[in-house]
> 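I have a structure I would like to understand better, so I am pasting it below and will then ask my questions one at a time.
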Number of protein chains: 2
Amino acid sequence: MKKDFSTLDKQLCFAVYETAGEFTKLYTSVLKPFGLTYPQYLVLLALWEHDRITMKELGELVGLGTGTLTPMISRMQEKGWLRKERSVEDERNVHVTLEKKAHNEKNTITERVNEEIQLCNIALSEYEELMARLNELHSKLRERTKL
Amino acid sequence: MKKDFSTLDKQLCFAVYETAGEFTKLYTSVLKPFGLTYPQYLVLLALWEHDRITMKELGELVGLGTGTLTPMISRMQEKGWLRKERSVEDERNVHVTLEKKAHNEKNTITERVNEEIQLCNIALSEYEELMARLNELHSKLRERTKL
DNA sequence: CACGATTTAATCGTATACGATTCAAATTAT
DNA sequence: ATAATTTGAATCGTATACGATTAAATCGTG
């Protein structure tokens, strides 16, 4: 009984680790021509939905802390995807706003990504099933942290 | 139709990314007292099963390239978990062998990890379902790469 | 046997990640 | 209103990651 769980733990942590790695590689290859990395693309996805938000809000949306986000957003600013502006009302906040480049290339990028995903022949049901399981695990992992 | 897939893509890439992150954090907190990181633990798991293998073989087992593995294994050597030895028969190969410390602490570490995982209350069936889906995705991602 | 092709590690450059610390601005409490 | 606390970003130190390049050893074929 205990042994079963132990073996599953091992298999699961490898499965999550390696699948995430492969996933990253797929996105990396597709995004490279646009000069984007996978995490940067996630930031764009978040901002395409909610433009002009603070670093803190953005961090919560993509699940990243300031230590990772600050230098990453600066790099994206240098490349012209967005700009950072210190808030006037509350100078602790920094608003992140998309530049024209990000709006203009949105369709091209997302279509190219979807094109590549289609090549994997993943059925709709598979998607939904996997996502449901991941979210289940995700919420249980976060619950535990709060104890 | 296309829209459905596009939305799912977005959700799935976030789900994979964030779940992997939470997973890493859980392991990180458990492993920190032992002076281990999550990827280093995966290396130990691989070596506990197959001791004395080459860097290349180890890289295949954990899904990491030499650029990541070389410095990581060196750090683990400095901490006394293992040692690197240039092969005599074929000097291109470097064998990685576990030190006593790794054997001695094996049970303590794995038991502590399992203890923490149990706290998440993940049912056996959930494990199996999730893992099956992850492996499905994993193999489809790798298939695509080979085209 | 020689020499080009291949294999295996190491190294380099760039980009994440995260916890801890620092610092300035804003809010709260006295 | 000023001190104490809290908050939001930036910074620092350490450890991954990965593709590309380099270097050394071995192999394969003429």
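By convention in this document, chain letters (A, B, ...) are assigned in the order of the sequence lines, proteins followed by strands, and residues within each chain are numbered from 1. Note: hydrogens, waters and symmetry copies are ignored here, and every other heavy atom, side chains too, is used.
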> Take the protein atom CZ of B/F23 and the nucleotide atom P of C/dA17, then report the distance between them rounded to whole Å.
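Result: 17 Å.
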
> Is A/V113 close to A/Y41 at the side-chain level, that is, under 4.5 Å between some pair of heavy atoms?
yes

> Looking at C/dA25, D/dA9, D/dT26, which one has an atom nearest to any side-chain atom of A/E91?
C/dA25

> In this structure, how many angstroms lie between the P atom of D/dC18 and the OH atom of A/Y17, rounded?
7 Å

> Taking the side chain as every heavy atom from C-beta outward, state whether A/M55 and A/V96 have any pair of such atoms under 4.5 Å apart.
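Yes, side chains in contact.
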
> Mind running side-chain hydrogen bond (donor to acceptor under 3.5 Å, both in side chains) on A/T97 and A/R83 for me, showing each step along the way?
CA-CA 5 Å; A/T97 311; A/R83 68 175 174 281; 4.7 Å; no

> Could you give the CG-to-P distance, from A/L36 to C/dT16, as a whole number of Å?
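Rounding to the nearest Å, CG of A/L36 and P of C/dT16 are 10 Å apart.
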
> Counting only side-chain N and O atoms of A/K25, is one of them less than 4.0 Å from OP1 or OP2 of D/dA17?
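Answer is no, no contact under 4.0 Å.
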
> Using the benzene-type ring in the case of Trp, are the ring centres of A/Y17 and B/Y38 under 6.0 Å apart?
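Yes, the ring of A/Y17 comes within the 6.0 Å limit of the ring of B/Y38, centre to centre.
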
> Do B/T37 and B/Q40 come close enough that some side-chain heavy atom pair is under 4.5 Å?
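Yes - at least one pair of side-chain heavy atoms lies under 4.5 Å apart.
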
> On DNA chain C, check which nucleotide each of A/E89 and A/G63 is closest to and give me the residue with the more 5' one.
A/G63

> Could you tell me if the side chain of A/L134 sits less than 4.5 Å from the side chain of A/M131, heavy atoms only?
no

> For B/T28, answer base if it contacts any base atom (sugar-phosphate contacts may also be present), sugar-phosphate if it contacts only those atoms, and nothing otherwise; contact means non-hydrogen atoms under 4.0 Å.
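Answer is nothing: B/T28 stays at 4.0 Å or more from every strand.
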
> Provide, to the nearest angstrom, the distance between the CG atom belonging to A/L64 and the P atom belonging to D/dA9.
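Taking CG of A/L64 and P of D/dA9, I get 14 Å after rounding.
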
> Reckon B/T54 touches a base, only the sugar-phosphate, or nothing at all at heavy-atom distances under 4.0 Å?
sugar-phosphate

> In whole Å, I'd like the distance from the CD atom of A/E60 to the C1' atom of D/dT7.
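Answer to the nearest Å: 12 Å.
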
> Across the strands shown, which category fits A/T37 at heavy-atom distances under 4.0 angstrom: base, sugar-phosphate, nothing?
sugar-phosphate

> What integer distance in Å separates A/K32:NZ from D/dA17:C1'?
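The answer, rounded to whole Å, is 13 Å.
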
> Would you check, one step at a time, whether the test side chain to side chain contact (heavy atoms under 4.5 Å, CB included) holds for B/L130 with A/L12?
CA-CA 8 Å; B/L130 174 57; A/L12 184 61; 3.9 Å; yes

> Please give me every residue in residues 68-82 of chain B whose heavy atoms get under 4.0 Å of an atom in DNA chain D, ordered by residue number.
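Contacting residues: B/T68, B/M72, B/R75.
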
> Using a heavy-atom cut-off of under 4.0 Å over every strand shown, decide if B/E57 touches base, sugar-phosphate, or nothing.
nothing

> If you only use heavy atoms from C-beta on, which nucleotide in D/dA9, D/dC18, C/dT8 is closest to the side chain of B/R92?
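Minimum distance to the B/R92 side chain belongs to C/dT8.
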
> From the options C/dA9, D/dA15, D/dA25, select the nucleotide whose nearest atom is closest to the side chain of B/Q40.
D/dA15

> For B/N93 and D/dA25, is the shortest distance between a side-chain N/O and OP1 or OP2 below 4.0 Å?
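Answer no for this pair, as no side-chain N or O of B/N93 is under 4.0 Å from OP1 or OP2.
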
> Just N and O in the side chain of A/K84: are any of them under 4.0 Å from OP1 or OP2 of D/dA10?
yes

